[in-house]
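Below is one structure, written out as structure tokens; comments come after it.
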Amino acid sequence: MKDERSGQNRNCRVRFAPSPTGPLHIGGVRTALYNYLFARQQQGTFILRIEDTDQVRYVPGAEQYIINSLQWFGLVPDEGPGFGGAYGPYRQSERKEIYDQYAMKLVHEGKAYYAFDTPDELEKYRESDPTFKYDASNRMKLRNSLNFTEAQTKQLLESSTEYVIRLKIDPKNSVTFQDRIRGEVTFSTDELDDKVILKGDGMPTYHLANIIDDHLMEISHVIRGEEWLSSTAHHVIMYDYFGWNPPEFAHLPLILKPSGKGKLSKRDGAKFGFPVFPLSWESGDPEDRFTGFKEDGYLPEAVLNFLVLLGWSPHSEKEMFTLDELIQVFDIENIVKSGARFDIDKALWFNQHYIIQSSNEDLAKKLIITCEKLGIQTNESYLLGVAALMKERVHKIDEMITSAMYFFLPPTSYDEGMIKKKYKSELGQHLEEIGKVVGSSESSSLEHNVKSYISEQSLKMGDIMPLLRIAISGTMQGPDLFETMSLVGLEESRRRISSSVEAYNKLIQ
RNA sequence: GGCCCGUUCGUCCAGCGGUUAGGACGCCAGAUUUUCAUUCUGGAAACAGGGGUUCGAUUCCCCUACGGGCUGCCA
């Protein structure tokens, strides 16, 4: 069914629903990406919903961080806080009254009940019995409205005793639902506990808020991480209690640590030496600061391309995709079932590829920021030249600068091993002469002039070029030497050659 | 412990009853290059184990093992 006015498919509405408890994890980005691709492909709607029902774990700034991250990747929501939409508010903390109402409805219908057990009491039960579950087998022994008379309950409620509302799960049934990725999944209700749906502070838990919002926002497909698979049975029961049709479910495989032991977590970045967040995260607590992919020199399209292939396959040999191409070929059916380890080497390879594909202009703009950060004085047109020479020999943006400081300063050290191998004092004079040739050449004639000198003097390219290269850059690694000298400046190159002769002579003594 | 989900090269993915089990990253070797990188060529490298079903199982079923997730008044 198409809405003629918006051109959107009203049957397809998906949401990305992160909780603002800190920076958005890279796994969350992938979930957002899959939701976005599916929505775009179906000409549906991509919704951002902020699940901020936990007041204790709420982190100021996290919501903005999430939005900034999505924008960096170009995954812009159609509806959400700050994005408009007819189904708001899109922050759960602003929907408290709605949840209240529905929770009460369940209580009145006997599908939920008040429970007065304190967190301390419950903790003690779990301590003495780790398998303790608040369910049909136990609830008649606990402090809740199922055991109390109406008057008792009323009195407790009125004396403002803290309480929660729990979902009443009937035992000896089974719940089955279809998962688009995993097929049919079944749970016995004997395994399910009476989940808290409304907390002591009056806020709903995820379980309640999520199904009410998904229903009210007319979400058609719930695409989320596998960590939610276990609680989906509870959700299906609630849909049933309310008399609503559940959306379709698709539970994504998790992104695992490189070691494969557990899902990738925020501390793994520091542990394994790569970012796990899109953007850097600042915080007063030094333990809670993280560098992002962006600041570490990654391109958003590279990260996205890497990410989309972690758990999904296009079923073709093609592996480089633009967002638009992904929208065309994405298919939930091709999402993989098993967890995928995070492999930073593959990400670096994608990044290298996208850097090479980038225009020098785009790269130069990014390099200006890098240079400012490093305190290097330069300008965009010079960086254009650096980008042209360096882009196919780096994996990250910043490396075009950090591994090529000789574009900005004379070398501070020389590759000694190579000098000892190649340099003989009688070559010093030749180097000085070549320096003069360099200094008196034009960029266009430079290569010709230097090569002419080398052949006229019956020298060998393989003997002279390394010494020249080290004179200019200090290292044996780098772009075409003549182009490098042209960019650095021919007069500057002459100076560097000159001072290298002195240094070389000292080194071989 | 219980429940749920999973298991093809080191890693990410193809394969959907009969294939020399394919590609990519990484690794190794070679070609090109003044070096590095890019590019190109080649190479090593996998169906967790055991039972079935079948003429025939990597493919279907069961068990075991291993891995992951959940088991909170967190999402």
Side-chain angles (χ1 to χ4, degrees), chain A residues 17-21 51-54 56-57 92 115 117-119 122-123 126 130-134 162-166 179 181-183 185-188 190-193 195-207 209-210 224-233 251 253-254 256 258 260-263 306 309-320 334 336-350 352-353 356 389-395 403 415 418 450-451 454 460-470 473 475-482:
Chain A
S19 80
T21 54
E51 311 234 328
D52 56 350
T53 54
D54 187 340
V56 178
R57 293 208 310 155
Q92 291 186 327
D117 320 85
T118 67
L122 294 172
E123 200 177 319
R126 292 194 183 99
T131 68
F132 172 85
K133 254 198 319 235
Y134 208 119
E162 207 168 80
Y163 66 91
V164 300
I165 294 179
R166 283 181 183 271
D179 184 275
I181 295 168
R182 283 149 220 289
V185 181
T186 301
F187 288 85
S188 161
D190 292 338
E191 305 295 338
L192 274 29
D193 63 341
K195 282 246 178 299
V196 171
I197 56 175
L198 205 75
K199 301 185 270 191
D201 64 3
M203 287 295 246
T205 59
Y206 171 85
H207 307 290
N210 136 75
R224 79 232 297 187
E226 192 188 351
E227 68 264 35
W228 298 110
L229 190 58
S230 301
S231 51
T232 303
H251 287 95
L254 266 16
L256 274 18
K261 303 272 182 215
K263 62 177 171 179
F306 162 68
L309 262 12
L310 261 194
W312 171 82
S313 163
H315 283 235
S316 74
E317 303 288 69
K318 187 172 162 71
E319 55 199 341
M320 293 296 173
N334 291 153
V336 170
K337 291 182 173 73
S338 47
R341 298 190 198 194
F342 191 90
D343 176 13
I344 196 63
D345 284 336
K346 189 88 175 240
L348 284 167
W349 178 76
F350 274 108
Q352 176 183 44
H353 174 86
I356 292 171
L389 295 184
M390 291 303 295
K391 69 177 176 183
E392 61 182 30
R393 52 204 98 224
V394 299
H395 288 89
S403 71
D415 182 334
M418 187 55 72
V450 173
K451 283 186 173 168
I454 291 172
K460 280 194 245 165
M461 286 280 278
D463 288 335
I464 294 299
M465 291 300 284
L467 295 172
L468 234 34
R469 174 175 290 284
I470 292 169
S473 70
T475 166
M476 278 306 290
Q477 292 158 12
D480 180 272
L481 187 53
F482 299 109

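Reckoned from all heavy atoms, side chains included, excluding hydrogens, waters and symmetry mates. Numbered from 1 within each chain, the chains take letters A, B, ... in sequence-line order.
- Listed candidates were U34(B), A75(B), U7(B). Nearest to the side chain of Trp228(A) is A75(B).
- A straight line from CZ of Arg341(A) to P of G26(B) spans 18 Å, rounded to a whole angstrom.
- Taking the side chain to side chain contact (heavy atoms under 4.5 Å, CB included) definition, one finds that Asp117(A) meets it with Ala115(A), Glu121(A), Leu122(A), Tyr134(A), Leu142(A), Arg143(A), sequence neighbours left out.
- In this structure, Arg166(A) reaches the C73(B) phosphate: one of its side-chain N or O atoms is under 4.0 Å from OP1 or OP2.
- Nearest to the side-chain atoms of Asp345(A) among the listed nucleotides A37(B), G23(B), C25(B) stands C25(B).
- Closest to the side chain of His315(A), from the set A14(B), G1(B), U35(B), is A14(B).
- Nucleic acid contact class of Thr53(A) (heavy atoms, under 4.0 Å, all strands): sugar-phosphate only.
- Nucleic acid contact class of Pro466(A) (heavy atoms, under 4.0 Å, all strands): none.
- As judged by a 4.0 angstrom heavy-atom cut-off over every strand, Leu481(A) is placed among the base-contacting residues.
- Listed candidates were U34(B), G23(B), U11(B). Nearest to the side chain of Asp343(A) is U11(B).
- Rounding to whole angstrom units, NZ of residue Lys263(A) and P of G6(B) are separated by 18 Å.
- Residue Arg126(A) has a polar side-chain atom (N or O) positioned under 4.0 Å from OP1 or OP2 of G72(B).
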